[in-house]
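Order of listing sets the numbers, starting from 1, for every ligand and every atom in it.
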Amino acid sequence: MTIAERVPLSSLTTFKVGGEARYVLTCESIEDIQTALAFTRERGLPFVVLGEGSNVLPSDDGYPGTILLMRMRGISEVEQGDDLLVTAGAGESWEDLVRYAASKEWWGVENLAGIPGTVGAAPVQNIGAYGMELAHMLDHVEAFDTKDGVLKSFDTSGCGFGYRDSRFKHEPALIITSVTLRLQKNGTPRIDYADLRAAAAEGKDLSSPSAIGTTVREVRSRKFPDLREYGTAGSFFKNPILSHEEYELLTKRYQTEAEALGGIPSFPLDGNVKIPLAFILDKLLGLRGYEHGTTFLFGNQPLVLVAKPGATASDVEALAHDIEERVHDATGITIEREVRFVSAHEAK
Ligand code: NAP
């Protein structure tokens, strides 16, 4: 384990904002995690776990405890007939794992290409894209339980998965150390999402895991600002899930716009409907590219909040709050954040 003191959180997060972390403890093994926890407890400090920091907004006041930086590496596989059980350390990059699978033309994670973040972060919010989510191809997760110091295994049913949700999001005492996926040697492309159908219509190759990965990366890159210039954590909010009654009310409220636009898009989800928030922000509220001081909504995907150089976490917070209020005032919907706030307040 390596120890660093007073590290700017802007260097550990893709938003590139935030104050200093008191300590950053880099963990390359389970033993390192144990050492880091002992270090944290000896000083009576709180801790948070970070991977690539691609889904967090750190406070300008910094973090008064320890950041456990997950850097456990390694990818290995075991064949089971036509399946492959592929295990990756929590500190591997998710994208590297997807590329590894694509290099062997194994099926299962190709639609999840280009998602930033570590392997260990993937189960926390049950990452998903283009009709696939982690829960579909997960075999099990190993996590270190900081309450009793025991390494535990959770199969898919034990992970409490929901839409961009899992038990790990609500139980910070569980530190994910590795993830095992069940991939396949044979498979068929899943390209029923409009973006992928459009890519197929343009003649893009979607016939193999590697080709799908390449196309998905191309599509996604258009919707993501250049991280060399800006800070962002990608989609800042979750797509709202409404009851059928709430959806009808929304459609009535925006009857003229809905008729002109061919209806408000909706997708069934567990007896409710999922609404693309980008549609609400763009088509109903006219907020595509909306600027708010040093921050803005990305022109090609308004769900993506962007920080210009020099922006602070408070600036991002102000934009997020502004959007939450506007959506609520206009539609009655309370939107939820996907991005996690890391602050002294959270540490208490
Ligand atoms: P998009 O493809 O424009 O879709 C917007 C919304 O409509 C999403 O809620 C999506 O559901 C839903 N949707 C679209 N076509 C659908 C279909 N055929 N069946 C069911 N639902 C459908 O979204 P985007 O913002 O450009 O993002 C592209 C993909 O990356 C999406 O799948 C999105 O969820 C995913 N993404 C995931 C994360 C994450 O895991 N944290 C972050 C950013 C984007 P789904 O959300 O269920 O796909």
Could you tell me which atoms of ligand 1, counted from 1 in the order shown, lie closer than 4.0 angstrom to a heavy atom of [X]?
X: Q125; value: 41 (N)
X: E338; value: 39 (C), 41 (N), 42 (C)
X: Q301; value: 24 (P), 25 (O), 26 (O)
X: S235; value: 42 (C), 43 (C), 44 (C)
X: K223; value: 3 (O), 24 (P), 26 (O)

Under 4.0 Å and counting heavy atoms only, is there anything from the protein next to [atom]?
atom: atom 27 (O) of ligand 1; result: no
atom: atom 4 (O) of ligand 1; result: no
atom: atom 23 (O) of ligand 1; result: no

What protein heavy atom is closest to [atom], reported as residue, atom name and distance in Å?
atom: atom 48 (O) of ligand 1; value: Y193 OH, 2.7 Å
atom: atom 9 (O) of ligand 1; value: N239 ND2, 2.7 Å
atom: atom 11 (O) of ligand 1; value: K274 NZ, 3.0 Å
atom: atom 35 (C) of ligand 1; value: G128 O, 3.2 Å
atom: atom 33 (C) of ligand 1; value: R164 NH2, 4.0 Å

Could you establish whether R220 and ligand 1 come within less than 4.0 Å of each other, counting only heavy atoms on the residue side?
-> yes
Could you give the distance from OG1 (T312) to CD (E317), rounded to the nearest 0.5 Å?
-> 10.0 Å
Mind checking the CZ-CG spacing from F236 to L297? Nearest 0.5 Å is all I need.
->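 If we round to the nearest 0.5 Å, F236:CZ and L297:CG are 11.0 Å apart.
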Measure from the ring center of Y23 to the ring center of F47 and say whether it is less than 6.0 Å.
-> no
Check whether the side chains of S166 and N126 place a donor and an acceptor atom closer than 3.5 Å, and report yes or no.
->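 Absent: no donor and acceptor within the cut-off.
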For E77 and Y100, test the side chains for any donor-to-acceptor distance below 3.5 angstrom and give the result as yes or no.
->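 The answer is yes; a qualifying pair exists.
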Just let me know how [X] lines up against ligand 1, side chain, backbone, both or neither, with a heavy-atom cut-off below 4.0 Å.
X: I127; result: both
X: Y163; result: side chain
X: A129; result: both

Do [X] and [Y] belong to the same hydrophobic cluster, where Ile, Leu, Val, Met, Phe, Trp and Tyr are linked whenever their side-chain heavy atoms lie under 4.5 Å apart, directly or via other members?
X: I323; Y: V306; result: no
X: L206; Y: L112; result: no
X: Y130; Y: M132; result: no
X: Y163; Y: I115; result: no

Taking both backbone and side-chain atoms of P276, is any N or O found less than 3.5 Å from an N or O belonging to ligand 1?
->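 No, since none of the N or O atoms of P276 sits under 3.5 Å from an N or O of ligand 1.
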Given Y130, F236, F267, F224, which one has a non-hydrogen atom that is nearest to atom 16 (C) of ligand 1?
->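 Of the listed residues, F267 has the closest heavy atom.
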Out of D195, L269, V219, indicate the one that has the non-hydrogen atom closest to atom 2 (O) of ligand 1.
->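 Ranked by closest heavy atom to atom 2 (O) of ligand 1, first place is D195.
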If you draw the axis of the six-membered ring of F341, does the NZ or CZ of R337 fall within 45° of it and under 6.0 Å from the ring centre?
-> no
Just do the ring-ring contact (aromatic ring centres under 6.0 Å, His included) check on F168 and F154 with the steps written out, would you?
-> CA-CA 11 Å; F168 307 108; F154 300 89; 5.6 Å; yes
Side-chain (N55) to main-chain (E338) donor-acceptor, under 3.5 angstrom = yes
